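Just so it is clear, the model here is predicted, and its values are computed rather than measured.
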Amino acid sequence: MTSENVFLTALQPNTTVSTYAVPSETELSHGGTHAKEEARFKRVHQQVSMRLAEKSTLPRQNGSSSSQYAASGVSLCALISLLNSLDMPTAINYLDEPDQNLQMLGAAYIQHECYHNNDTKKQVNQLKGIPLLVQLFTSESQEVQRYATGATRNLIYESMDNKVALIESGGIPKLIDALKEQDDELRKNITGILWNLSSKDNLKERLARETLPELTEKILIPLSGTGDKDIIELSPSESDIFFNTTGCLRNLSSVNEKTRQQMRETRGLIDALVGYVQKCLLDTKVEEKGVENAVCVLRNLSYQLYTEIPPSALLRLEGPSRSSSKGEAIGCFTPNSKKAKDVRSCFRFPISIFILKLQLNLIFCLSFQRQNQDLTTFTEVSRQPTDIEWLWHPKIVELYNQVLQRCEINSTTREAAAGALQNITAGDKRWASILSRVALEQNRMLPVILDLLRTNNDLELRSLTGFLRNLSRHAKDKNDMATKVVNPLLAKLPSDGRQKEPSSDVVMNTCGALNNLVTSSMVAARDITFFDGLPKLVGIKTSHDSSPTKLKAAKAAATVLSNMFQYKKLHKDYRSKGFQKEDFSDMGF
């Protein structure tokens with residue numbers, strides 16, 4: 001009796017074994033940290049005053065230093081004082097004035113007043129201030145652009161109505177058009193706004209459709225260092241812009257298959273993300289937030305990978321044996337070659353025993369060669385991957401491996417890398433099995449994963465145990481793997497099903513990994529017994545509440561126990577530990 005059927009669906013990419021990197025709502029919806037924004041907005045009053053004061057040093061026109069304000073009938077001194085006596089209707093009216101200084105003053109006032117003030121945000125929307133701000137996004141004055149986008153960034157924070165008003169006013173095309181300006185402060189505002197908009201699921205598809213090519217071409221590629229210009233080190237402002245942009249992409253990549261497909265097909269996007277992570281690994285900057293976002297996007301784009309990639313790519317990854325057997329090669333020989341015909345002929349005509357042995361030996365050698373060529377030459381993929389091919393290329397396994405080993409502080413980045421590995425090894429496709437073997441045999445990742453398994457971070461444990469579950473399914477030598485992983489896996493199991501930590505997802509993944517080993521290895525069943533795993537498995541099976549997740553965990557433990565009982569040679573060991581036949585029954589599940 002085996003239990004693969006019990007866990008087959010759980011190993012597909014559309015379950016917990018394949019995972020999303022969903023961003024923090026508090027941080028990602030705002031596009032920045034509150035502490036940094038607070039200090040920035042406190043400077044608004046001072047900056048506007050200084051810029052307006054600078055106008056007093058301009059040459060007099062028509063005998064007056066304030067003649068440029070004559071159209072509005074407001075003096076320079078009055079303009080400066082208006083920053084404290086302004087009201088919202090007046091500030092919004094200023095946005096529609098031809099005088100750029102009045103536009104800047106009105107936008108700066110709105111930016112300042114709307115910082116964490118929901119009533120003021122509603123007022124601006126009711127007074128139709130958002131369409132006026134949108135028109136200033138492409139002003140000839142970069143100062144006006146900065147304040148208009150800064151005000152909008154505050155207006156839409158935690159306000160769905162204002163987000164919708166911005167989009168309905170044609171805000172996205174205007175923002176993208178303004179990205180052409182080589183102004184870091186402006187670009188920080190624009191990418192912050194886009195990040196903020198991307199936090200809402202019902203806006204993500206449209207946002208992706210209208211922004212992906214331009215964000216990739218104008219921000220992602222240049223700042224990642226994968227464009228024409230080499231980047232030695234990003235300035236603090238450039239780091240913020242990259243962080244905002246990848247935060248937006250991180251949100252977009254989590255919405256649905258259509259958007260993920262669009263992102264995978266956006267030229268240069270995946271190259272830029274991979275290139276940035278590679279550069280940060282070389283520069284020992286893997287702890288940075290930009291790396292976290294980049295790895296999270298890659299992880300999300302690998303979600304349901306073998307279901308969503310182009311059919312032609314999947315056919316190529318399945319290998320020649322999965323396509324047409326008519327033209328299939330025998331080892332190194334083509335079907336119509338003389339040696340291949342000789343191999344076939346040995347079964348058709350009576351020949352000497354000596355020749356027959358030689359031919360059978362040849363068949364065995366060629367078969368052995370073919371079984372192992374997966375890990376020596378990868379004819380299914382390019383030598384140097386580009387864009388979408390990175391997602392399933394063997395080289396991506398090494399990239400995630402390096403992230404796991406070098407990222408010591410940022411657990412979110414580690415969790416994302418483990419989740420990406422979990423995604424690309426999930427399911428029963430041939431390539432999932434090959435990448436599992438690449439991880440185990442070429443990159444020697446098992447010690448790395450087992451070391452990370454000591455964490456108490458449940459999100460990280462969920463991805464790590466999910467990856468281990470997939471590896472245990474595809475491992476060639478399950479006896480060898482069992483001797484290495486059974487004890488560490490048992491250490492993560494709770495004493496019974498009533499414990500809150502770890503989560504049921506971790507318990508199910510752990511039981512799934514143990515079960516994959518038990519169904520093919522008596523060594524696994526023996527070691528579970530030796531390392532006192534039976535009390536935990538029985539406790540998870542029998543002692544739990546009636547919640548759906550706890551019931552699934554109980555079923556997972558019951559399946560492991562049921563399959564352990566199939567090894568009759570171990571029954572004596574089970575009894576010596578105080579367990580009887582009924583403890584191994586999976587009745588009721």
Side-chain angles (χ1 to χ4, degrees), residues 23 27-33 36-37 40-41 44 47 95 103-104 107-108 110-111 114-115 124 129-157 159 162-200 203-204 206-224 227 234-252 266 269 272 289-290 293:
E27 182 180 359
L28 298 196
S29 63
H30 193 221
T33 59
K36 291 171 65 177
E37 295 298 320
R40 179 167 170 262
F41 295 128
V44 169
Q47 290 173 347
L95 300 178
Q103 294 171 357
M104 181 173 67
I110 294 171
Q111 177 180 357
C114 288
Y115 183 64
V124 173
I130 293 178
L132 296 176
L133 285 169
V134 168
Q135 295 308 309
L136 299 181
F137 290 171
T138 52
S139 168
E140 294 179 357
S141 166
Q142 286 190 352
E143 286 182 311
V144 173
Q145 288 179 296
R146 291 189 202 110
Y147 283 110
T149 53
T152 303
R153 189 173 179 179
N154 284 355
L155 269 169
I156 66 173
Y157 176 56
S159 173
N162 288 357
K163 286 180 172 71
V164 172
L166 173 62
I167 291 176
E168 291 180 346
S169 301
I172 295 177
K174 288 280 188 179
L175 289 168
I176 293 300
D177 189 35
L179 272 180
K180 67 177 182 289
E181 302 293 339
Q182 298 293 323
D183 182 273
D184 284 353
E185 189 69 24
L186 176 59
R187 285 186 160 191
K188 275 197 289 185
N189 283 341
I190 293 171
T191 53
I193 291 170
L194 295 176
W195 188 3
N196 197 319
L197 290 173
S198 70
S199 67
K200 299 302 179 183
L203 302 179
K204 289 178 182 179
R206 180 172 180 176
L207 199 62
R209 186 169 61 249
E210 297 185 14
T211 66
L212 278 178
E214 289 80 7
L215 278 180
T216 300
E217 180 182 347
K218 295 177 181 177
I219 303 294
L220 205 61
I221 292 176
L223 296 187
S224 68
L234 296 181
S235 68
S237 291
E238 288 173 331
S239 294
D240 286 342
I241 294 167
F242 189 86
F243 179 48
N244 290 348
T245 303
T246 51
C248 175
L249 297 178
R250 179 175 173 178
N251 280 347
L252 297 181
T266 299
L269 189 150
K289 284 288 188 176
N293 281 342

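- When atom types are taken as modelled, the side chain of K188 and the backbone of S237 share no donor-acceptor pair closer than 3.5 angstrom.
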Compile the donor-acceptor pairs under 3.5 Å between side chains in residues 170-182 and protein atoms, sequence neighbours left out, one pair per line.
from, atom 1, to, atom 2, distance (Å)
K174, NZ, T138, OG1, 3.4
D177, OD1, K180, NZ, 3.2
K180, NZ, D177, O, 3.2
E181, OE1, Q142, NE2, 3.0

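- Annotation for L220 and F242: closest pair CD1-CE1, 3.7 Å, computed over non-hydrogen atoms.
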Please report, to 0.1 Å, the donor-acceptor pairs under 3.5 Å made by any side chain of residues 206-215, with sequence neighbours excluded.
from, atom 1, to, atom 2, distance (Å)
R206, NE, E210, OE2, 2.9
T211, OG1, L207, O, 2.6

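- Annotation: the span from L132 atom CG to S169 atom OG amounts to 9.0 Å, rounded to 0.5 Å.
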- Starting from the C-alpha separation in whole Å, work towards a yes-or-no answer on side-chain contact (heavy atoms from CB on, under 4.5 Å) for L166 and L155. CA-CA 9 Å; L166 173 62; L155 269 169; over 6 Å; no
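- Without hydrogens or angle criteria, S159 side chain to N162 main chain gives a donor-acceptor distance under 3.5 Å.
- Residues meeting the side-chain hydrogen bond (donor to acceptor under 3.5 Å, both in side chains) test with T152, sequence neighbours left out: none.
- Considering OG of S199 and NZ of K163, their distance stands at 4.5 Å, rounded to 0.5 Å.
- The side-chain hydrogen bond (donor to acceptor under 3.5 Å, both in side chains) test with T191 singles out one residue from D240, T149, T245, N244, and that residue is N244.
- Residues F243 and K289 share a closest heavy-atom pair of CE1-CB, 3.3 Å.
- Residue I241 holds its CD1 atom at 9.5 Å from CG of N189, rounded to the nearest 0.5 Å.
- Contact between L95 and A107 at its shortest, heavy atoms only, is CD2-N, 3.5 Å.
- We find the OH-OG distance between Y147 and S141 to be 10.5 Å, quoted to the nearest 0.5 Å.
- With rounding to the nearest 0.5 angstrom, the OG atom of S239 is 10.0 Å from the CG atom of D184.
- To the nearest 0.5 angstrom, S139 atom OG is 11.0 Å from R146 atom CZ.
- Residue E238 places its CD atom among more than 12 non-hydrogen atoms of other residues, nucleotides or ligands, all under 6.0 Å distant.
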